[in-house]
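Report on the following structure.
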Amino acid sequence: MRSVFKKRLLTALLVLVILALIDFGARIIGPASTNADGIYSPNAYSDMYLPDTYGHMRPHLDTGMPNSSSENPIPIRTNQFGMRMREVELQKKPM
């Protein structure tokens with residue numbers, strides 16, 4: 001009974017150590033979205049979002065986000081609902 005408990009405890013501790021190492025490594029690498037100075041700035045893209053909302057993009061948005069790996073910006077287009085997909089058209093059946 002004690003050996004099963006010890007195995008589970010060691011497994012849990014091993015998982016915690018692995019997660020801590022992953023977190024530490026991610027913090028060393030830094031945030032994925034940084035500006036030219038290397039500082040993360042969430043306000044740089046605030047014009048793409050609706051005011052007083054969390055994560056709701058503006059409808060009919062057609063812009064680009066800078067791409068650090070190439071010169072071409074990443075295209076961002078939204079439909080009438082502010083979603084990054086094609087326009088949604090409902091076909092109603094005639095009555």
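Sequence positions, counted from 1, serve as the residue numbers for this chain.
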Please table the atom pairs, donor to acceptor, closer than 3.5 Å between any side-chain atom in residues 15-25 and protein atoms at least two apart or in another chain.
from: Asp23; atom 1: OD1; to: Arg27; atom 2: NE; distance (Å): 3.3
from: Asp23; atom 1: OD2; to: Arg27; atom 2: NE; distance (Å): 2.9

Inset, instruction - With sequence neighbours excluded, give me every salt bridge (Lys or Arg N to Asp or Glu O under 4.0 Å) pair touching residues 57-83. - result: Asp62-Arg77
Legend entry - Considering all heavy atoms, the nearest Gln80-Glu87 contact: N-OE2, 3.0 Å
Legend entry - Connected hydrophobic set around Leu10, excluding itself, where side chains approach under 4.5 Å: none
Inset, instruction - Please round to the nearest 0.5 Å and tell me the distance separating atom CZ of Phe81 and atom NE2 of His56. - result: 14.0 Å
Inset, instruction - Give me the one residue out of Lys6, Lys7, Arg8 that meets side-chain contact (heavy atoms from CB on, under 4.5 Å) with Val4. - result: Arg8
Inset, instruction - Please list, chain by chain and in numerical order, all residues satisfying side chain to side chain contact (heavy atoms under 4.5 Å, CB included) with Met48, sequence neighbours excluded. - result: Tyr45, Met57, Leu61, Thr63, Ile76
Inset, instruction - List for me each residue that meets side chain to side chain donor-acceptor pair (under 3.5 Å) alongside Asn72, sequence neighbours excluded, and say none if there are none. - result: none
Inset, instruction - Using a 4.5 Å cut-off on heavy atoms from C-beta on, say whether the side chain of Met83 contacts that of Thr78. - result: no
Inset, instruction - Kindly indicate, with the supporting measurements, whether the criterion side chain to side chain contact (heavy atoms under 4.5 Å, CB included) is fulfilled by Asn79 and Arg86. - result: CA-CA 6 Å; Asn79 62 12; Arg86 63 177 176 76; over 6 Å; no
Legend entry - Counterpart residues, salt bridge (Lys or Arg N to Asp or Glu O under 4.0 Å), relative to Arg84 (two or more places apart): none
